[in-house]
Amino acid sequence: MEQNRKKKHKKLSRAGRIITDLILVAALGVAGYSGYKLYEGLSTYSQSKNVYDEIRETAVKKPETVKQEDSSQQETQEDVYVIDHAALSAINSDYVGWIRMKNSYIDYPMVQGTDNSFYLDHLYTKEYNYVGSVFIDCNNSRDFSDRNTVIYAHNVKNGTMFMEIAKFEDPSYYADHDVIEIETQECNYKLYPVAGILTNGSDNYVAYNFASDEEFMNYVSYFTGNSTFTSNVVLEPTDQTVLLSTCSYSLEDGRYALLCRLVRE
């Protein structure tokens, strides 16, 4: 009887070891996969950073100082940009212009494709990378002549692309980020944030043109009535706007959409 109990104990011990080994193998598999995904993410971020840094070095010139008519006033290197539009077009014929927001990482070339899918996971150089590009909605005109022009980019967790557009969820962020600049070969623009909303991918928050000024102002009112911050900019029925759209991690399938007044310089 005692011998049978010992045999049973040995069998249970062997089964226990098998279960333990299986748990260990599974744990190592999870750890290995997690490590691979981490490496893949870091590699993706590194590739995208290198590509956009190289583009800036190639096509963006920043003189040390530029003298103004009043010689007592000078712009610093940080404030002066000279964009080589021809060089950018040579890299990618889908090039539209350059977007920049001071005190942020937003400093990128913009493109427009034939659909709204390709540049979600392709860099400016058209290399596959899920960081993607800053791109104008394919339904818009390239010359910002529509009543509302829509621009998209990812909210990348390493702080790049439009991650800082989503920061307008914080009401205090607006104070130091009240203007965004766009430069094209034909014209320079200033974007003045009016309102930003936290929404989701199924919400019908994207529009391009409007049947009437009243319809446009109703669209504006939807944004101002649900804005996460208070702006000192007031939109008139004759104004044009730009909508900057990115992901938000504040809710499932979240989006953050920033509506700005468009002013030609």
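Worth saying up front: this structure is predicted, and the values here are computed from it rather than measured. Numbering of residues begins at 1 and proceeds along the displayed sequence.
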Legend entry - Of all pairs that satisfy salt bridge (Lys or Arg N to Asp or Glu O under 4.0 Å), the ones with a partner from residues 238-258, not counting sequence neighbours: Asp239-Arg261, Asp253-Arg255
Legend entry - All side chain to side chain donor-acceptor pair (under 3.5 Å) counterparts of Thr160, not counting sequence neighbours: Asn158
Inset, instruction - Could you walk me through whether Tyr208 and Asp137 pass side chain to side chain donor-acceptor pair (under 3.5 Å), step by step? - result: CA-CA 9 Å; Tyr208 316 103; Asp137 195 296; 3.0 Å; yes
Legend entry - Hydrophobic cluster identity match, Ile99 and Val150, side-chain contacts under 4.5 Å: yes
Inset, instruction - Not counting sequence neighbours, list each pair that qualifies as a salt bridge (Lys or Arg N to Asp or Glu O under 4.0 Å) and has a residue in residues 184-209. - result: Lys190-Glu265
Legend entry - Nearest-0.5 Å distance that lies between atom CD1 in Ile165 and atom CD1 in Ile106: 3.5 Å
Inset, instruction - Report the residues that fulfil side-chain contact (heavy atoms from CB on, under 4.5 Å) with Ser117, sequence neighbours left out, ordered by chain and then residue number. - result: Asp115
Inset, instruction - Take Tyr189 and Thr149, measure what side chain to side chain contact (heavy atoms under 4.5 Å, CB included) needs, and give me the verdict at the end. - result: CA-CA 12 Å; Tyr189 303 89; Thr149 300; over 6 Å; no
Inset, instruction - Spell out, yes or no, whether Val179 and Val194 are grouped together once hydrophobic residues are joined by side-chain heavy atoms under 4.5 Å, including indirect joins. - result: yes
Inset, instruction - Mind checking ring pair (Phe, Tyr, Trp, His ring centres under 6.0 Å) for Phe210 and listing every partner two or more places apart, or none if nothing turns up? - result: Phe216, Tyr219
Inset, instruction - Output all residues satisfying ring pair (Phe, Tyr, Trp, His ring centres under 6.0 Å) with Tyr124, sequence neighbours left out; order by chain, then residue number. - result: none
Legend entry - Test item: Ser133 side-chain N/O and Phe135 main-chain N/O as donor-acceptor pair under 3.5 Å: no
Legend entry - Contacts of type ring pair (Phe, Tyr, Trp, His ring centres under 6.0 Å), residue Phe118, not counting sequence neighbours: His122
Inset, instruction - Please report the C-alpha distance between Gln112 and Tyr119 in whole Å, then the side-chain angles of each, then the deciding distance to 0.1 Å, and finally whether the side chain to side chain contact (heavy atoms under 4.5 Å, CB included) criterion is met. - result: CA-CA 8 Å; Gln112 185 182 43; Tyr119 284 111; over 6 Å; no
Inset, instruction - Following the transitive rule for hydrophobic clusters with a side-chain heavy-atom cut-off under 4.5 Å over Ile, Leu, Val, Met, Phe, Trp and Tyr, establish whether Val51 and Val131 coincide in one cluster. - result: yes
Legend entry - Pairs involving residues 156-185, ordered by first then second residue, that meet ring pair (Phe, Tyr, Trp, His ring centres under 6.0 Å) (sequence neighbours left out): Phe168-Tyr173, Phe168-Phe229, Tyr173-His177, Tyr174-Phe229
Legend entry - Contacts of type side-chain contact (heavy atoms from CB on, under 4.5 Å), residue Glu57, not counting sequence neighbours: none
Legend entry - Test item: Asn140 side-chain N/O and Asn148 main-chain N/O as donor-acceptor pair under 3.5 Å: yes
Legend entry - ring pair (Phe, Tyr, Trp, His ring centres under 6.0 Å) involving His154 - partner list, sequence neighbours excluded: none
Inset, instruction - Evaluate whether atom CD of Glu54 has more than 12 neighbouring non-hydrogen atoms of other residues, nucleotides or ligands under 6.0 angstrom away. - result: no
Legend entry - Listed partners of Gln185 passing side chain to side chain donor-acceptor pair (under 3.5 Å), at least two apart: none
Legend entry - Residue of the set Thr228, Thr199, Asn155 for which side-chain hydrogen bond (donor to acceptor under 3.5 Å, both in side chains) holds with Tyr256: Thr228
Legend entry - Check ion pair Asp94-Arg142 (N to O, under 4.0 angstrom): no
Legend entry - side chain to side chain contact (heavy atoms under 4.5 Å, CB included) between Glu164 and Tyr105, worked out: CA-CA 7 Å; Glu164 291 186 89; Tyr105 286 107; 3.3 Å; yes
Legend entry - Sequence neighbours excluded, every pair satisfying salt bridge (Lys or Arg N to Asp or Glu O under 4.0 Å) that has a member inside residues 220-232: none
Legend entry - Beyond-backbone contact of Asp121 with Asn129, side-chain heavy atoms, under 4.5 angstrom: no
